[in-house]
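Keep in mind that what you see is a predicted model, and the values were worked out from it rather than measured.
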Amino acid sequence: MESSPSSSSVITPEDVMGTLMNDGTIDSMRLKIITHLKANEELKNTTIKMVEQSRVLNTPGAEKQTKRELFDALRQELETSVLEKASKSVWELILDNNGIGKEISETVEQVFCRLSGREPPLFVSDFGPQPEKGKEKNSVQDRQKEESRETGKDNSESAAKKRKMNTEEGIDETVSKPSDKSTSSDDSSKMLPPNAKRQHTS
C-alpha cells in the first residue's frame, strides 16, 4: 500500500507526476489526446498535402521503390515538419479551457491536494467565465454615479437644514424685537426730567 506524504512535507511536481503515472492517469490522458489528433481533419489534410508534394514522391523512379523505402524516405523528409504541426495541435488541446486542458488541470489539482492533505480548490479557476471589460467598466461608472447622487443628496439635505435654521433664527429675532422696543419706550419715560413728567401727567 502506497503511503501518502504528510501534509507538512513539500509536494514537488515530481511527486504529482509520479502519482499520475502510477495510477494510469497519464496513459489515459495520452490516449485521449491521440484520439483527438486522429479526429483533427485540418491536421490530417495538411499532412496528406505535404506527402503529395514531397520530394520523395515526385522524384522520377519513386514508383519502383518498395513501400518500406518510400516510408523511410518520407519520414526523413517530413518528420520534423509534421511533428511540429502535431505538437502545436497537442498544446492547443492541453491549453483548451473547456476540454482536455480543463480536465488535466483539475486532475493535477486533485492529486496535489490528496498528497498534501489540503482541500480543493486551491485557487479560483481560470477556466470559469470572466467578466467582460466593457461590463466591468460600466459597473465602475455606475458605482461612481451612485456615489455622486448620494453625495448630492447629502449636500442638498445639508443646505435645506441650513436654510431652515436661518429662517428660524430670523423668526426669533423678529419676535423678540417688539418686546425690546416696548422696553426701550418704558425706559425712555423713566428718564424724562421732573417738569416733563408733570406735563406729561397733566
Exercise. Say whether T19 and N22, considering side chains only, have a donor N or O and an acceptor N or O under 3.5 Å apart.
Key: no

Exercise. Working to the nearest 0.5 Å, report the span between CZ of R30 and OG1 of T25.
Key: 11.5 Å

Practice problem: Quick one: list whatever passes side chain to side chain contact (heavy atoms under 4.5 Å, CB included) with D72, sequence neighbours left out. | Solution: R68, R75

Quiz item: Is there a side-chain contact between M29 and T107 (heavy atoms, below 4.5 Å)?
Solution: yes

Quiz item: Going only through I, L, V, M, F, W and Y residues with side-chain contacts under 4.5 Å, is there a path from V108 to L95?
Solution: yes

Quiz item: What residues form a salt bridge (charged side-chain N to carboxylate O under 4.0 Å, His left out) with E52, not counting sequence neighbours?
Solution: none

Quiz item: OG of S54 to CG of L74: how many Å apart, nearest 0.5 Å?
Solution: 4.5 Å

Quiz item: Excluding sequence neighbours, so at least two apart, what forms side chain to side chain contact (heavy atoms under 4.5 Å, CB included) with I33?
Solution: L37, V90, L93, I94, I100

Practice problem: Assess whether atom CD of E63 is packed by more than 12 heavy atoms of other residues, nucleotides or ligands within 6.0 Å. | Solution: yes

Exercise. Can you tell me which residue pairs pass the salt bridge (Lys or Arg N to Asp or Glu O under 4.0 Å) test with a partner in residues 78-94, sequence neighbours excluded?
Key: none

Self-check item: L83 reachable from L43 in the ILVMFWY side-chain graph, under 4.5 Å edges
Solution: no

Quiz item: So how far is it from I104 CD1 to E106 CD, rounded to the nearest 0.5 Å?
Solution: 11.0 Å

Practice problem: Measure the OG-NE2 distance between S89 and H36 for me, rounded to the nearest 0.5 Å. | Solution: 12.0 Å

Quiz item: How many angstroms lie between CG in N40 and OG1 in T35, if you round to the nearest 0.5 Å?
Solution: 12.5 Å

Practice problem: Not counting sequence neighbours, which residues clear side-chain hydrogen bond (donor to acceptor under 3.5 Å, both in side chains) with E103? List them please. | Solution: K32

Quiz item: What distance separates L78 CG from Q53 CD, expressed to the nearest 0.5 Å?
Solution: 10.0 Å

Exercise. List in chain and number order the residues that pass side chain to side chain contact (heavy atoms under 4.5 Å, CB included) with E41, two or more places apart in sequence or in another chain; answer none if no residue qualifies.
Key: K44, N45

Quiz item: Out of curiosity, does M17 fall in the hydrophobic cluster containing V111 (side-chain heavy atoms, cut-off under 4.5 Å, transitive links)?
Solution: yes

